[in-house]
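Okay, so here's the structure we're looking at.
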Amino acid sequence: MTVNRILIGLAVFLFAGLMCVFTVSETEKAIKFQLGEIVKYDYEPGIHLKLPIVNNVRKFDSRVQTLDMTPERFLTAEKKNVIVDSFVKWKIGDVKTFYTVVAGDINQANLRLDQIIKDAFRSEFGIRDITQLVATDRKAIREILITKTKSIAADLGLEIIDVQVKRIDLPADVSTSVYRRMEAERERVAREFRSQGSEAAERIRADADRQRVVILADAFKEAEKLRGEGDAKSAEVYASAYSQDPEFFAFYRSITAYRETFKNPERLMVIDPESEFFKYFKNQK
Amino acid sequence: MSWNEPGGGKKDPWSGRGGDEQGPPDLDEAIRSLQEKLGAIFGGGGGGNTPGGSMKGFAFLAVGAVALWGASGFYIVDEGNHGVVTRFGKYTETTQAGLNWHIPAPIESVEIVNVRRQRFIEVGYRSGGGQQTLGSVPKEALMLTKDENIVDVRLAVQYQVKDAKAFLFNILNPEMTLKQVTEAAQRGVVGSSKMDFVLTEGRSELVAQIKQEIQDVMDAYNSGIQVTSVNLQDAQPPEPVQGAFEDAIKAREDQQRLINEAEAYSNDVIPKARGAAARKIQEAEGYKQQVISEAEGEASRFLSLLSEYKKAPAVTRERLYIEAMQTVLSNTNTVFLDVKGGNNLMYLPLDKLINQSSSEEPASIPAQSGTVTQTRPLEPVFRSTTRGREGRGR
């Protein structure tokens with residue numbers, strides 16, 4: 001019986017004890033309520049006391065949360081549309097305010113933040129052009145946005161860790177025209193390469209042709225010179241031989257010519273039988 | 001009620017019933033004694049055992065339960081891991097690899113975090129299963145450059161946990177955060193660079209900048225994540241314009257090809273021209289030699305004949321003449337025409353006579369006046385005049 005009593009007593013003691021304590025982990029923030037009213041809210045992680053039934057505790061995630069905003073269209077200074085996808089990193093700053101203003105609902109908090117941030121975006125984007133947004137002013141915009149939204153977020157009990165633009169994209173139809181521009185630029189480059197290649201090739205070919213003509217012309221010159229030398233030498237040889245007896249040469253050359261000329265039986269000769277050749281012809285008759 | 005409480009004598013739970021036994025604990029003995037104790041308690045509760053006995057049994061049971069509970073506090077941390085210990089939710093320590101102990105639940109608990117394993121995220125693509133197919137994710141991959149062009153960038157980020165406590169406690173969903181930060185950083189870095197730089201020589205510099213930016217932001221968030229490497233899987237023009245880009249590259253190659261072809265032509269034409277030139281000159285040389293030799297030949301032939309002629313001019317002359325005439329007249333169609341008859345008008349069917357030279361039949365056509373006879377060559381006519389040497393060459 002003593003044992004039972006001890007056991008029961010132990011159980012009751014433990015049960016009562018559990019009702020009087022609660023833990024707060026490193027990832028939580030807690031508020032202790034007394035009959036609906038906030039009594040204490042700045043709890044360090046660990047184990048803490050509360051009155052059973054009279055007090056109840058609500059816990060909230062104290063880690064860095066993300067608001068991943070839906071992509072939104074904004075107008076730039078050049079009156080161009082851009083689609084911006086951004087995110088906000090925040091965590092609970094003052095948990096009491098967080099509870100009272102957004103009833104501790106993370107989604108609610110995100111919704112409210114979304115509106116605030118988008119307003120800030122709109123004004124910052126509207127005074128800059130695309131190059132500034134994408135390149136030069138990126139960091140500056142981030143700083144400005146964080147500063148702008150810090151105070152407003154504090155009113156919601158939130159602490160802004162970071163505001164970043166994840167993507168800046170052009171709307172689909174503008175993208176298409178960008179592609180076309182890129183293509184056209186590439187085409188220009190391609191055409192330039194090809195025409196430069198043609199130009200260089202034409203030069204080389206023309207030069208080769210020129211060289212060919214020059215080489216052949218020179219050769220012709222040389223050849224004619226040689227032929228001339230040959231003709232001259234042969235003429236000299238002929239002349240020196242034939243001039244030894246010009247008259248005989250005339251005779252001899254003529255009869256050779258006759259012989260060569262009248263080789264063809266198709267030729268028709270009409271002959272006077274009084275010619276020298278037929279001297280003895282008639283006399284025979 | 002710990003087992004080494006002072007005042008109760010050494011109530012060593014592993015020793016036998018005789019609490020002052022100092023021998024080494026024996027497992028079988030311990031189990032047996034435990035069973036005895038349990039039996040004593042339950043047996044003693046129903047019957048009329050001495051209160052002192054059940055008290056003792058209960059004490060032993062309690063001590064045993066506490067011991068078991070205490071033993072549950074042991075845990076092993078594998079190599080490459082850290083253990084994060086919290087007490088009632090509050091962080092107490094980070095334990096290293098090996099056998100460790102914490103006050104068992106619900107007082108303390110431990111979460112093991114692998115700090116050495118390389119994890120990675122993919123941005124702009126997904127590698128399904130193996131790495132054969134890289135499916136592009138255009139939303140993540142396409143981004144603007146400084147000169148308002150669009151490029152397709154695929155990144156793989158490798159990271160590991162460098163601070164287990166921060167990793168567990170600071171950010172909700174650290175992996176998603178890393179991906180968001182990566183996207184923001186890569187767009188920031190690419191957006192500050194021109195398209196040609198991104199696509200060609202700037203890759204390593206871009207990767208270094210992106211890695212630095214990601215790390216800076218993740219450290220600002222106190223995320224406990226260390227970015228070990230950022231790999232640029234690919235940076236290329238977007239799919240719709242890839243054709244044009246490839247064509248530009250092809251155009252450069254075409255340019256070179258055209259030049260090469262022209263040079264090949266040049267290398268073909270010029271040597272051929274030189275060859276033709278050499279041939280021309282050689283032919284001229286040949287002609288020169290030929291002509292000179294012909295001249296010398298004819299000259300010596302003439303001179304030989306001349307020397308004989310000089311010895312008997314009249315006779316030689318006569319002979320040469322008659323021989324020549326003989327050859328000539330026997331090789332051609334001849335028509336004798338005696339005009340001394342006094343008639344002025346004569347009809348000569350010359351065309352008929354010419355035509356007859358092509359037929360085989362001999363014919364004689366009398367003229368209207370005068371005597372006309374026609375001779376024919378003795379041999380049939382070979383018409384191939386190009387080959388002057390054959391047929392009737394003399």
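These numbers were taken from a predicted model, which means no experiment stands behind them.
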Checklist entry - Once you round to the nearest 0.5 Å, how far does OG of B/Ser307 lie from CD of A/Gln244? => result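 One finds 10.0 Å between OG of B/Ser307 and CD of A/Gln244.
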Sort out for me which of [options] touches chain A most, counting heavy-atom pairs under 4.5 Å.
options                                : answer
B/Glu285, B/Lys280, B/Lys165, B/Gln180 : B/Gln180
B/Asn149, B/Ile259, B/Val189           : B/Asn149
B/Ala299, B/Pro174, B/Gly188           : B/Gly188
B/Gln186, B/Arg87, B/Glu263            : B/Glu263
B/Ala251, B/Ala278, B/Pro240           : B/Ala251
B/Leu168, B/Val291, B/Ile171           : B/Ile171

Toward chain A, the part of [X] with a non-hydrogen atom under 4.5 Å:
X        : answer
B/Leu303 : side chain
B/Tyr91  : both
B/Asp254 : side chain
B/Tyr287 : side chain
B/Val217 : side chain
B/Glu246 : neither
B/Arg279 : neither
B/Asn267 : neither
B/Leu142 : both
B/Thr177 : both
B/Lys250 : both
B/Arg274 : both

Contact class of [X] relative to chain B, heavy atoms under 4.5 angstrom:
X        : answer
A/Asp231 : both
A/Tyr179 : both
A/Val178 : side chain
A/Asp61  : side chain
A/Arg181 : side chain
A/Arg138 : side chain

Checklist entry - Parallel, tilted or perpendicular: which fits the ring planes of A/Phe249 and B/Phe302, with parallel below 30° and perpendicular above 60°? => result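 Correct class here is perpendicular.
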Next on the checklist: Is it true that, when you exclude A/Tyr258 itself, more than 12 heavy atoms of the residues, nucleotides or ligands shown sit nearer than 6.0 Å to its OH?
Outcome noted: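 It does not: A/Tyr258 OH has 12 such atoms or fewer within range.
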Next on the checklist: Can you tell me if B/Gln242 has over 12 outside heavy atoms packed within less than 6.0 Å of its CD?
Outcome noted: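 Yes, the 6.0 Å shell around CD holds more than 12 heavy atoms from other groups.
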Checklist entry - Under 4.5 Å between any side-chain heavy atoms of A/Glu28 and A/Arg63, yes or no? => result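 Result no, sub-4.5 Å side-chain heavy-atom pair not found.
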Item to check | Validation row: A/Phe87, A/Leu67 side chains within 4.5 angstrom (heavy atoms) | outcome: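 The answer is no, as the side chains (C-beta and beyond) never meet within the 4.5 Å cut-off.
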Item to check | Full working for salt bridge (charged side-chain N to carboxylate O under 4.0 Å, His left out) between B/Lys90 and A/Glu26 | outcome: CA-CA 6 Å; B/Lys90 183 185 170 73; A/Glu26 290 280 346; 5.4 Å; no
Pair [X], [Y]: side-chain N/O donor-acceptor within cut-off below 3.5 Å:
X        : Y        : value
A/Asp162 : B/Tyr221 : yes
A/Lys166 : A/Ser86  : no
B/Ser109 : B/Thr86  : yes
A/Asp68  : A/Thr66  : no

Checklist entry - Can any side-chain N or O of B/Glu298 pair as donor or acceptor with the backbone N or O of B/Glu296 at less than 3.5 Å? => result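 No; zero donor-acceptor contacts below 3.5 Å.
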Item to check | Cation-pi geometry met for B/Arg317 and A/Phe251 (6.0 Å, 45°) | outcome: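 Ring-cation test returns yes.
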Checklist entry - Any idea which heavy atoms bring A/Gln164 and B/Ala184 closest together, and the distance? => result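 Shortest heavy-atom contact: OE1-CB, 3.3 Å.
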